[in-house]
Each structure stands twice: as C-alpha cells, then as structure tokens.
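Note that ligands are numbered from 1 as they come in the structure, with each ligand's atoms numbered from 1 the same way.
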Amino acid sequence: MIKKTIAALVLSACMSLAAHADPLSYARYDQVRTTDLYLDLKADFSHKMLSGYAELTLNWIDKNARTLVLDTSELNIAKVQVLNAAGRWTAASFMLDKLDVEKGRALRIALPFQPQKVRIYYRTAPSATALQWMNPEQTMSGKRPFMFSQSEPINARSWAPLQDTPAVRFTYSARIDAPAGMRVVMSAENDQQATGAGGWKFKMAQPIPSYLLAIAIGEIDVRNVGPRSAVYAEPQRIEAAANELVDTEKMIAAAEGLYGPYRWERYDMIVLPPSFPIGGMENPRMTFLTPTMIAGDRSLVDLIAHELAHSWSGNLVTNASWKHFWLNEGFTTYVTTRIVEKLYGDEVAEMNLQVEQEEAMASLAAIPAAKQALLTRDPDSSAASYTDTSLVYPKGAWLLRTLEQRAGRAVFDPFLRGWFDQHAFQSATTQEFVDYLKKNLLDAHPEIMSQSELDEWLYGPGIPATAKHAASPRLAALDAQRDAWLKGELPTAELPAKNWIALEWMHFLNGIDGKASALQMQQLDQNFALGKTANNEIAYRFLQASVKAGYNVREPLGKFLMSVGRQKFVVPLYAALLKNPNEKDWAKSLYAKARSHYHPVTQASVDKAFKQK
Ligand code: BES
Ligand code: ZN
C-alpha cells in the first residue's frame, strides 16, 4: 500500500511539469485551493525554530486529483493527517521532492479521498530564509531576543507549508506560544490588551496571498497614533516612532479620498530592529518598518505612504505571479505620489516625482535592455526572464502618470478606483489590466495611448521618448547653484542649503555623485555637518559620493554600516568601498564586525560583492 502511494507520488512529481502559471511555486492550484490556514506554533528561541502544525482548509476543483502539493523550504515534516468523513484525523503518506535551490522542496501528500482539511506537523530550520532570529545583544534593550519574518516574495514556505503563490488567497488564524515577557504580532487582528496567556491569538478575516503572512516576536511596546492606528516598537524606540508617525491617519484619509474605503480595519505599524533588510513591508494591518525611517523630522514618511498605498495596490489587487510585479509596485509608487501631494502639496510631490524619475533614468545604464521592460513577453513558465525588480517601481508609476496626464484626473481617478474595486481581493495579470484599460478608458478615448505606445511601455526597454519628465522649479534653481558650486564659482558657504528640505539634499547629492572632489566633499561636510545627519537617505548619498571622491568618511560610514542593515544602503556602500583600493582592507575589517548585525539576505548580497572583488 505504502509502496503504491509512493509510486503515485513520484508519478505526480513528473506530471506536475505540466503547465500551471506560477513558475516559482509547485502548487497545483488548478486542482485545489487553500481557503483558510490555521497555524498552531511555538517559538523556541534557544533552537531558533517554530514548531507545531499548519491546518489547511481546501477547496477541490479537480474532482480526480489525489495529491496535494505544497511548497516548503528547509521544513522538517514530522507527520501529515487528513480529516476523514467521520470527523477523525488519520495519517496520510507524504514525500519531499529533491531540493531546488530557488524553490525549495515540493511536499507531496497522497490522498485516498479529497479531504476538506489537512494538518502538517513540522518545524522550521534555524536558517529559514524568512525568519531572522536575533540574540538579545542585537536589540535595543539587550535583554531579550527578537524574531521577525519577511515572506515576500517566496519565503513564506520556509516557515509554513503552503501553496506559496500570490495566485491563491486564504483567510488565516493562529495561536502562537512565546516566552514570557515577549509580545507576538502578526499581519492580522492584533489585540493590544492580550497578555499571551494560553498563547497569542490572531485572526485575519480578509483573504490574503501567502507572501503577506508575517510575524514578529520580541520585547515590544504599543502606542496609539490615530483612531485606527498604533505603532509597535522596542520600548526604547516607541516614543520616537510614535512621534514620527503622527500623520498616519491623514494619509489613510487621503488614500480613501482617492481610491475608496480602507478595507483592512486597522492600519498598525511595527518599527523593527535595524537589521530589517528593507525599508518597509506592506504586511496587512501591520506594516513592518526599518528604524532608519525615523529621521526626527518626519522627512521620510513617504515610506509610510508607500506601504499604506499597498492596501489597495498589492494587498487588495495582487499580482497573480511575480512576473506581474509591476502591478504591485508600479501602481503603489504612483499612488504614493498622490498621497504625498495631498499631504504635503504640489511642490513637494513634484520634487519627489522628479527625484524618482531621475534616479530611474540614471539606473538604466546598469540594467540590461531586455530586463528594462515592465514585464517579459515570455510565457510564465520560468522566472529566468523576469524583468528588473527595481525599475518597475518608477517605470510602472510613470505609465500610470502618463495616462493620468492625458486623460485628466476627472477621468483617470475613477478609472483607477474602479480597477481596485472590481478586482478587490483578487489576483490579477497584466492582461487583465490591459483589458480593463481598453474597456474603461482607451476604447472611448483612443487618442490617450496607441497600442504600440502601450506595448512600448510594457515590453520595451527604458522610458518611452513620449514620456513627460517632472520638472520642479525649485530643483531647477538648485541645479544652477550646484553647477556653479561644482565649477568652483559658488563658495560652499553660499549654497542656500540651510533651507533645503530632504528632497533637495537628495537631488543635490545625486547630482554631484562621481563629480565632486574630495575637497568639495570635505567643505560640504564642514558647512552642513552631513556626516551627522539623522536622515538616512541623505547620509547614504553623502557617504556614497564621499567614498567615490576619496574624502575620508570612515568615522560616520563605520557608524552607519554598524547600525543600518537596509540592503538598499548597505550593499552599494560596500561595493563603492571595494572599488577604492585605499578602502578595501578597511571595508573588510569593518564587515567582519558588522556582518552579524545584518539579516541573512543582506549578508548574502554583501558576501557576493566581496567575492566579486
Ligand atoms: N513590497 C516591497 C518590499 C519587497 C519587494 C520585499 C520585493 C521583497 C520582495 C515594499 O513595499 C517596498 O517596496 N519597500 C521599499 C519602499 C520604498 C520603495 C519606499 C523598500 O523597502 O525600499
Ligand atoms: Zn512596495
């Protein structure tokens, strides 16, 4: 009997090479879909593992299917049970496929019938790619350990066996046991009054894709910052975090005014320890944030606007596979600027957009032409031809902005709201957006964009020549001053930088990167104390330009790299240091100290930069 089921499983492994749309998942969601997930897990900090079971509720589509295929990565599976017609849990046989370095292992469960529920008992590996387990020394208080997840894009499978594809949505609930003195939060309904006695309980009533599953555990305080928002953070950081995030409700209201009601009830945020490898992650009801967004003057809160915007673009309407990533991030980048405009006015929004577009144009040189499209024309059978993930942010936004400018907001805003409304809680492909675009905009107004221009945006390299570039008068004035300063015609002390907002500094520093001399960088530093800025977007650009110019910034750069773990900053800074023969050895010794402060994914990227040298 067992032999026969194993043979059937092996056969199913071969057959699943048959086409189904998401090449990064083994799941056969054409046959069966998860509708609900229950996680019952215990967090064991001494072994850096979660253990317990996942219970999946299933909706069978193909009546002949007898195998359930789930994604896993480094999971240790103890046993699998299915719920039989008599309401009893009975053992089911299973096997794990051989390892694929990108996708992990398919878990194949043999089913004598189509059960409504399965339970998988498992434990995670200490090296689970989604989870970072931190020792107490890596936290602010130094007293208790900390753990957080980052599931997007395909790491949820390293902490739960599931259909790890954005094409499948499910509701979820969880019960998590954690050591005393710690709080657990998840991307779900969080009870501020909970004590954790009997386990921390969570419920997510709206269906979400697997990449939005999230958990954090640590010594965490909570402070309300608005009628439907609270911030969670380590106790030593809660005050600064709450102060930085006071505009949250205004942002939610601004987004609602544009795209309709916020559908997730609460919008809470957690500020994580500095090793959080990205700026922010739009986990529903609980955005995860880097502490480097706390500048003290709220100058980096467009990050919140971005993660909040995902409540419509991404979380409500989700890319059906990672090929269509621009539907998540390009749309979100567009919506972010609209929110920024509502809160901070046209002038700031235009500056924000110009900096975004100029950085996009500057990034093109390093991206192969074939990767510069919004999406590949290749069928979705392999992820190898997926396009560059960073360019789709500004380029996708630019396409929407172009449509908006030509249609006018009176037409475009309801159009975009309709896209979110009509596809709410669904996963969508680019073709579905193109169909919607034609039916609801271009059929009636063909002059807005021709098919060939639309194709150029979607499948062509670079930014189409027809695109309008943002042009802020304030940044134009600054360009003139910067050019004069670079030529030595305007003394550093006469730069009117005392009144510059963060975006002006970012624009100025982008414009001198690779051009200013060591002496000029020193003068800037002496006049404006750039080495001491609390704004990390400014600090990053200043440090980068200094390393390239050969101006010695070891002191502030060492501090920066020891305290900031955000990949976007850390990786290019090490790369710049490695290009400079005088800094190579110093970079090596610094990294030896800093490495343990970084997230495993950041470590892997920096390791790679060192290997290439
Ligand atoms: N969803 C992304 C983060 C992400 C993307 C994680 C792909 C894993 C794979 C998030 O919304 C994001 O874009 N964060 C940016 C924010 C920035 C554009 C304001 C970041 O972290 O830099
Ligand atoms: Zn995003």
Who's the nearest protein heavy-atom neighbour of [atom], and how far?
atom: atom 13 (O) of ligand 1; result: Tyr393 OH, 2.7 Å
atom: atom 10 (C) of ligand 1; result: Gly280 O, 3.2 Å
atom: atom 21 (O) of ligand 1; result: Gly279 N, 2.6 Å
atom: atom 2 (C) of ligand 1; result: Glu329 OE2, 3.3 Å
atom: atom 15 (C) of ligand 1; result: Glu307 OE2, 4.1 Å
atom: atom 19 (C) of ligand 1; result: Leu303 CD1, 3.6 Å

With side-chain contact (heavy atoms from CB on, under 4.5 Å) as the criterion, how do Arg401 and Glu404 come out once you've worked through the C-alpha distance, each side chain's angles and the decisive distance to 0.1 Å? CA-CA 5 Å; Arg401 172 74 50 175; Glu404 176 224 289; 3.6 Å; yes
Report the member of Gln567, His306, Glu282 with the shortest heavy-atom distance to atom 12 (C) of ligand 1. His306
Closest to atom 5 (C) of ligand 1 (heavy atoms only, candidates Glu356, Glu152, Gln150) is Glu152
What does the angle at the Zn ion (ligand 2) come to, between atom NE2 of His310 and atom NE2 of His306, rounded to 10°? 100°
Find all atoms of ligand 1 within a distance of less than 4.0 Å from any non-hydrogen atom belonging to [X], and give their numbers and elements.
X: His310; value: 11 (O)
X: Ile278; value: 3 (C), 6 (C), 21 (O)
X: Arg566; value: 20 (C), 22 (O)

Given Ser313, which partner from the list Thr336, Thr318, Thr333, Thr332 fulfils the side chain to side chain donor-acceptor pair (under 3.5 Å) test? Thr332
Knowing that exactly one of Ser149, Ser151, Ser73 qualifies, which makes a side chain to side chain donor-acceptor pair (under 3.5 Å) with Trp159? Ser151
State whether the shortest distance between N or O atoms of Pro153 and N or O atoms of ligand 1 falls below 3.5 angstrom. no
Evaluate Phe325 for polar contact with ligand 1, using N/O atom pairs at a separation under 3.5 Å. no
Kindly say whether the aromatic ring centers of Phe433 and Phe331 come within a distance under 6.0 Å. yes
Taking the ring centre of each residue, are Tyr540 and Phe560 less than 6.0 Å apart? no
His507 side, atom NE2; Arg474 side, atom CZ - distance, nearest 0.5 Å: 12.0 Å
Contact check: Glu329 to the Zn ion (ligand 2), N/O/S below 2.8 Å: yes
Trace of the salt bridge (charged side-chain N to carboxylate O under 4.0 Å, His left out) decision for Lys568 with Glu359: CA-CA 13 Å; Lys568 177 181 134 182; Glu359 290 182 350; over 6 Å; no
Go through Tyr386 and Trp322 one step at a time and tell me if the ring-ring contact (aromatic ring centres under 6.0 Å, His included) criterion holds. CA-CA 8 Å; Tyr386 281 11; Trp322 299 109; 9.0 Å; no
CA sep, side-chain torsions, deciding dist, call: Tyr591, Tyr574, ring-ring contact (aromatic ring centres under 6.0 Å, His included): CA-CA 9 Å; Tyr591 186 46; Tyr574 279 108; 5.2 Å; yes
Scan Leu375, Thr376, Thr387 and name whichever one has a side chain to side chain contact (heavy atoms under 4.5 Å, CB included) with Tyr459. Leu375
